[in-house]
2 protein chains.
Amino acid sequence: MKTVSRVINNDPTVKPKNLEKVQQAIAKTGYRRNAFARGLRARQSLMIGLLYEQAEGEYPANILAGALAACRERGYHLMVEVVKGDSMLNSARDFLLQMNFDGVILTPPVCDNPDVIGFLNENDIRYVRISPLNSLPLGHEIGIDDEQAGHALVEHLITLGHRKIAHILGDEGHRATIQRLAGYRRAHDEAGLSFPEGYVVGGGFSSEAGFEGARKLLALDDPPTAIFASNDECAAGVLACAQAYGVRVPDELSVVGFDGSIIADLVHPTLTTMVQPTQAMAAEAVRMIVDARESTERKTLPIEMRVSKSTAACRT
Amino acid sequence: MKTVSRVINNDPTVKPKNLEKVQQAIAKTGYRRNAFARGLRARQSLMIGLLYEQAEGEYPANILAGALAACRERGYHLMVEVVKGDSMLNSARDFLLQMNFDGVILTPPVCDNPDVIGFLNENDIRYVRISPLNSLPLGHEIGIDDEQAGHALVEHLITLGHRKIAHILGDEGHRATIQRLAGYRRAHDEAGLSFPEGYVVGGGFSSEAGFEGARKLLALDDPPTAIFASNDECAAGVLACAQAYGVRVPDELSVVGFDGSIIADLVHPTLTTMVQPTQAMAAEAVRMIVDARESTERKTLPIEMRVSKSTAACRT
DNA sequence: CTGAAAGCGCTTACAG
DNA sequence: CTGAAAGCGCTTACAG
């Protein structure tokens, strides 16, 4: 009785009686459809590929967790692969041609590799780019509004009475770096505030960059009363520097981070930060692949500020 | 010419001339073997399953990274799945029966679920348990020697002149918790030192537990000069507590963590810690699955102490 | 509404 | 050393 296939695939044209009989037999024998046979014959593989350049760290882990949860709900499976080296494409090609994924999720910086994108377009493989540097005409994209986020953080500091707010930039060339700075600028403009050139210092997304940036800022003749760090790690470096130089946070200096990472709650004082919905982004990517109606979809996910103990009213 | 299969599979009985011809054709057309067809027909699937209960966090991310790197070297692919709920087995069964993995990697606490282990044994699926609570007669196991690690950390503190060393325990019921305590005890015994009952406090693997534990310890009539925290997060909580109570680290209090996690370098002062070879453990698990000669293999990986700024010579 | 046949792209014995 | 056939376990049209 090869009606079994129909039952498994929820074919509505099966007599209720037979349906029940088959379902019972399945339950009894513990039968599970072989994914390889199905993947070979059917159009859909029920598999999604997740491409990283680097799998270590909190960000990739959250992407993974979000994607896994979303796959689970839909009966999809997730295969992860690291692509790197001088040619990301060579590294990815094997993976992509061997499995016929229903779609792949590209995390930064893989999502910005033109070779990989071109290959996916040519081979008509569906993909979602997470937090890409630039928007492209084809393919799905998911991100947050970094400009708005930067604006909100600085606005929070202004509301607390701060007038001397500095910014430590993120890694060069990142869209997030440029946009967060733009938000910083707009918040100043809207409040009718200006800031000296020396208040925006180069840095990066690391605690070392934060330490070094804070060192420069605190050594200024007219030091800031608040620092908007590029991200939470950077902010942790700012805290370490403040402590090393005897500057009390938040009494003498307010600090804000970005990302809402675990470390924001582990440092002392705990950081005010902008929570990125990393897991939600990955879940949304899965949804786009599975449900995709259009061939190109862009989505900006909402962010949320988490106010904690590293920011306080300005006392000077 | 169906010699192609032989070429791909490195069959030595192929004429060099034909071999070359086929290889060139492959290079030219960009042909890749279909993984589903292969998986369906062949004994090996070239796929390894990785089972988590939770995918968020640094530990799972490191497991993933280590496993991916090892898979990559061997042409294997990794499929990740979250199993949870009241019955882990129900959650895992689908996954395990649908794909015929060459083996699965079980992370804590999945590796300690008797139902899952029993199922794997029954269905003759190869598996490796990472840092299991207890050793079992069947299956592969990988871990570290927590007793030795705890011993080494406490010995380090004793060498620095500390005589009043406290310990904040990890989560209850964990083998690591029990063994690290045993190491703490042995180091005291060997040095001819004793410690009051109040020096070993309940806690857990969280920064909250560290804060709370430190609060109790610092409030003692005869407070310790050094604290061995259950792990780095716990140690971060200890640092936060010390700072809150105005106890300077390491001048007045030395603190050691465990794990060698990122946060050890983000807190201030940076933590002396015991580096767990998490990625190496996962890589070793892949190796065991792929190369496995025996059906049961146990391996204990070496650990390494990383001395940093949270420990100093005792000044009292 | 259900069954029998063909075929997805490989590998595995078996002939030659 | 190489080719032709069978079959892995499904799904997809096509008959009935």
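Heavy atoms only: backbone and side chains are in, while hydrogens, waters and symmetry mates are out. Numbers restart at 1 for each chain; the letters A, B, ... are given by sequence-line order, proteins then strands.
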Residue A:Asn34, side-chain heavy atoms: nucleotide from D:dT12, D:dC10, C:dC10 that is nearest: D:dC10
Whole angstrom value for the distance that separates C1' of D:dT12 from CZ of A:Arg33: 14 Å
Between D:dC10 (C1') and B:Leu97 (CG): distance, integer Å: 16 Å
B:Lys299 and B:Glu141 ion-paired at < 4.0 Å: no
Atom pair CD1/CE of A:Ile117 and A:Met88 - distance to nearest 0.5 Å: 10.5 Å
Electrostatic pair A:Arg287-A:Glu73, nearest N-O below 4.0 angstrom: no
Side chain to side chain donor-acceptor pair (under 3.5 Å) partners of residues 110-123 of chain A, not counting sequence neighbours, each pair once: A:Asn121-A:Tyr127
Rounded distance in Å - CD1 (A:Ile26) to P (D:dC10): 10 Å
Short side-chain N/O contact to C:dA6 OP1/OP2 from A:Arg41, under 4.0 Å: no
Nearest-nucleotide pick for B:Arg38, side chain only, options being C:dT12, C:dG9, C:dC10: C:dC10
Expected output: side-chain B:Asp232 to main-chain B:Ile263 donor-acceptor under 3.5 Å: no
Strand DNA chain D as a dot-bracket string - pairs counted if Watson-Crick or G-U with both distances under 3.5 Å, | where the partner lies in another strand: |||.||||||||.|||
Distance, rounded to the nearest Å, where A:Gln44 contributes CD and D:dT11 contributes C1': 12 Å
N or O in side chain of B:Arg32 less than 4.0 angstrom from C:dG9 OP1/OP2: no
Spacing of B:Leu40 atom CG relative to C:dG7 atom C1', expressed in whole Å: 12 Å
Integer-rounded Å distance: C:dC10 P and A:Gln98 CD: 10 Å
ring-ring contact (aromatic ring centres under 6.0 Å, His included) involving A:Phe101 - partner list, sequence neighbours excluded: A:Phe95
Whole-Å distance separating the CZ atom of B:Phe36 from the C1' atom of D:dG9: 14 Å
For atom CE of B:Met99 and atom P of D:dC10, their distance in whole Å: 12 Å
Min side-chain heavy-atom separation B:Leu51-B:Thr107 under 4.5 Å: no
Selection from D:dT12, C:dC10, D:dC8 that lies nearest to any side-chain heavy atom of B:Tyr31: C:dC10
